[in-house]
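First comes the structure, then the notes that go with it.
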Amino acid sequence: MSTRPPGPDGDPVRSLLHVSHNLPAARLGTVVAEHAAGLGAREAVVYLADYAQHVLLPVPGDGVPDRQPVTIDGSTAGRAFRRVVPVRSGGAEGPARLWMPLLDGAERLGVLELVLDADAGDGVEEEARPFASLVAELVVTRDAYSDAFARLRRRTPLSLAAEIQWDLLPPLTYASDRVVITGALEPAYEIGGDTFDYAANDPLVDLMVLDAVGHGLPAALLAGAAVGAYRHGRRRGLELPEIAAGMDAVIAGQFPASQFATAALARLDKRTGLLQWVNCGHPEPLIVRDGALVHPPSCPPARPLGLQSAPAELCTTQLHPGDRVVLYTDGVVEARSPSGEFFGEERLADLVVRAQSAGEPPPETMRRLMGSVMQHQAGQLQDDASIVLVEWRTGAEDRLRL
C-alpha cells in the first residue's frame, strides 16, 4: 500500500475525490486503502452488506489486506452497521480499529474499517466521517455501471425473478427531517412476486406494497408491469384510485385472468400527517403509536388488481407525530412455524412496538423483523414476504435516528 502523501495539500478527501472521476469499481478497494493513509490509517478495508443483510463482505483489491466476511449480528463491524455510528475497538497496546458506517443518505451500504496506531487521537473519527461519506457515494455511482458489487453482495446465486425484483426496488431506506421510509424483502435470493416502491415528492410521500399471485418468473413479470404502471400514474400526478385503476387495466390487459396482484397504495402529506390509501385485496395498514398498536378506520377493500369491477375507495386517517405505519404482504403474517403457528399480526405489531420503545432505528427494525419472520419458519418461507415502514415526524425532533 502506498504511504506517500495523498495529494498536494494532504487532504485525503480531496485526493480521493480527485482520482475518483475515472475510477473503475474493481479498483475501489485499492484506491480507498491508498488514500486512507492520509487519515493515519495503516490499513483500510471496505465492507458491503449482502442482499439479506446478514453478513458484511470485504471488497478485495491490490494492496487491500485479506479479510473474512463478518456477521452483522454479533460483531464490532456489525454494531457500526446496525447502530449507524462509528465504533472503535482495540488500541490498548496493539493497533486500534475504527469502523465507520457507509451511508448513501440514510441507506446503509456497509462499513469502512480503518486500522490505526494505538495512540491515534479522537480527532481521527471526525476526519474519517467525510472520507467514509465519499467512499459510500463512490460505491453507489460505480454500482450503477458495474456488476462488481452486485456479484460480491450475493452469498448464493439470485434466481432470475429475484434479479428482476432487486433491480426494480428503490433504495431500502430514505430519510428526511419529516419522514423515514424503510423496506425489506424475503427470501432475498429467491423473491418472486412481492415488491414495494416509494417516492418522496415534497410535500407528498407515495408508497406501495404489492403481492403478485404465484411464484418465480411469472410473478416477477407481473410485478414489474404493475410497478411500471404505478410509477406511470404517480408521475402523472393522479389520485390513488386512478393509479390503482391504471394498474388494474395493465394487469387485466396483459396477463391471463388467473393472474392478479393485491396491493396497498398510500400517500402521506408530510406537512399535516394526513394519510390516504387504497386497499386492493390486501392486508390493512397497521399504525404503531406511543408503544401501542392502533388500527386505522375500517375501509372496505377493493378487489385485487386485474380483477376490479369498480374503482377502489379512498381511505384516510390522521397520523400523530412519531407514528409508524406498516404496509406488508400476507407472507409476513401468514408465515407458519414448523408446528403450523402463524406469525400473525399481533406478533408483527409487537416487534415494531418493542423496537420503537427501545429507540431502534427504523432500518434496523425492518432487518430484525424480517429475521424474526425467517426464524419463525425455520429459514424456509412458504411465500414471499415484503414490508414497508414509514415514520412521520414534525421536523422538531432533537435528532434523526437512522
Side-chain angles (χ1 to χ4, degrees), residues 164-165 167-171 174 176 178-183 193-213 219-255 257 259-287 296-319 323 325-329 386-392:
I164 292 170
Q165 294 293 52
D167 281 345
L168 277 176
L169 288 178
Y174 165 81
S176 71
R178 304 301 299 271
V179 70
V180 177
I181 305 167
T182 187
D194 276 22
T195 192
F196 66 86
D197 196 30
Y198 67 82
N201 299 313
D202 287 345
L204 302 178
V205 174
D206 281 277
L207 311 107
M208 182 270 293
V209 172
L210 181 135
D211 181 0
V213 67
L221 294 176
L222 190 154
V227 171
Y230 170 68
R231 291 174 177 171
H232 180 64
R234 187 185 72 205
R235 291 164 182 169
R236 291 171 60 201
L238 300 182
E239 297 298 322
L240 294 181
E242 296 174 301
I243 297 175
M247 297 170 69
D248 174 76
V250 166
I251 295 173
Q254 301 299 320
F255 294 89
Q259 289 190 268
F260 58 89
T262 69
L265 282 61
R267 178 169 289 165
L268 172 64
D269 189 322
K270 295 195 300 182
R271 300 164 300 184
T272 65
L274 181 67
L275 179 72
Q276 300 178 317
W277 75 95
V278 295
N279 183 343
C280 302
H282 205 74
E284 289 188 347
L286 299 178
I287 299 174
S298 179
C299 183
R303 299 182 69 183
L305 299 171
L307 303 176
Q308 292 186 353
S309 57
E313 183 172 334
L314 185 66
C315 318
T316 63
T317 192
Q318 179 62 49
L319 298 184
D323 279 0
V325 180
V326 184
L327 306 175
Y328 59 95
T329 61
S386 63
I387 189 165
V388 170
L389 180 151
V390 57
E391 180 177 322
W392 179 60

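Residue indices begin at 1 and follow the sequence shown.
Note that the OG1 atom of Thr272 and the CD atom of Gln318 stand 5.5 Å from one another [nearest 0.5 Å]. Here Asp194 contributes atom CG and Ile387 contributes atom CD1; the two are 11.0 Å apart, rounded to the nearest 0.5 Å. Rounded to the nearest 0.5 Å, atoms NE2 (His232) and CG (Leu238) are 7.5 Å apart. Here the CG-CD distance, from Leu268 to Glu391, works out to 11.5 Å after rounding to the nearest 0.5 Å. In this structure, Asp323 CG and Leu275 CG are separated by 9.5 Å, a value rounded to the nearest 0.5 Å. Atom CG in Leu221 sits 5.0 Å away from atom CD1 in Ile164 (nearest 0.5 Å).
Closest approach of Phe196 and Pro170 over heavy atoms only: O-CD, 3.6 Å. Residues Gly306 and Ile251 share a closest heavy-atom pair of CA-CG2, 3.8 Å. The two atoms that bring Met208 and Val227 nearest to each other are CE-CG2, 3.9 Å, heavy atoms only. Scanning all heavy atoms of the two residues, the minimum distance from Trp277 to Leu240 falls at CA-CD1, 3.8 Å. Of all non-hydrogen atoms in Leu265 and Ala244, the two that sit nearest each other are CD2-N, 4.0 Å. Closest non-hydrogen pair, Phe255 versus Ala225, comes out as CE1-CB, 3.8 Å.
In summary, of the residues considered (Thr329, Thr262, Asp211), a side chain to side chain donor-acceptor pair (under 3.5 Å) with His282 occurs for Thr262 alone. For the pairing with Pro285, the side chain to side chain contact (heavy atoms under 4.5 Å, CB included) check across Val326, Leu327, Val388, Thr317 returns one residue only, Leu327.
Residues forming a side-chain hydrogen bond (donor to acceptor under 3.5 Å, both in side chains) with Asn201 (at least two apart in sequence, or on another chain): none. In this structure, the side-chain contact (heavy atoms from CB on, under 4.5 Å) partners of Pro300, at least two apart in sequence or on a different chain, are Glu313. A search for side-chain contact (heavy atoms from CB on, under 4.5 Å) contacts involving Leu307 returns Phe260, Arg303, Pro304, not counting sequence neighbours. With sequence neighbours excluded, the residues that form a side-chain contact (heavy atoms from CB on, under 4.5 Å) with Pro301 are Asn279. For Asp202, the salt bridge (charged side-chain N to carboxylate O under 4.0 Å, His left out) partners at least two apart in sequence or on another chain are Lys270. Among residues two or more places apart in sequence or in another chain, the side-chain hydrogen bond (donor to acceptor under 3.5 Å, both in side chains) test is passed with Arg235 by none. Applying the side-chain contact (heavy atoms from CB on, under 4.5 Å) test to Ala302 and every residue at least two apart in sequence or in another chain returns Gln308, Ala312.
Side-chain atoms of Leu210 and Met247, non-hydrogen and from C-beta on, do get closer than 4.5 Å to each other. A 4.5 Å side-chain heavy-atom check between Asp206 and Tyr230 finds at least one atom pair inside the cut-off.
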Show your reasoning for whether side chain to side chain contact (heavy atoms under 4.5 Å, CB included) applies to Tyr328 and Leu286. CA-CA 9 Å; Tyr328 59 95; Leu286 299 178; 3.8 Å; yes
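Listed by first then second residue, pairs satisfying salt bridge (Lys or Arg N to Asp or Glu O under 4.0 Å) with a partner in residues 222-231 read Asp197-Arg231, not counting sequence neighbours. Counting only residues at least two apart or on different chains, the salt bridge (Lys or Arg N to Asp or Glu O under 4.0 Å) pairs with a member in residues 239-255 are Glu239-Arg267.
Between the Tyr198 side chain and the Pro171 main chain, a donor and an acceptor come within less than 3.5 Å of each other.
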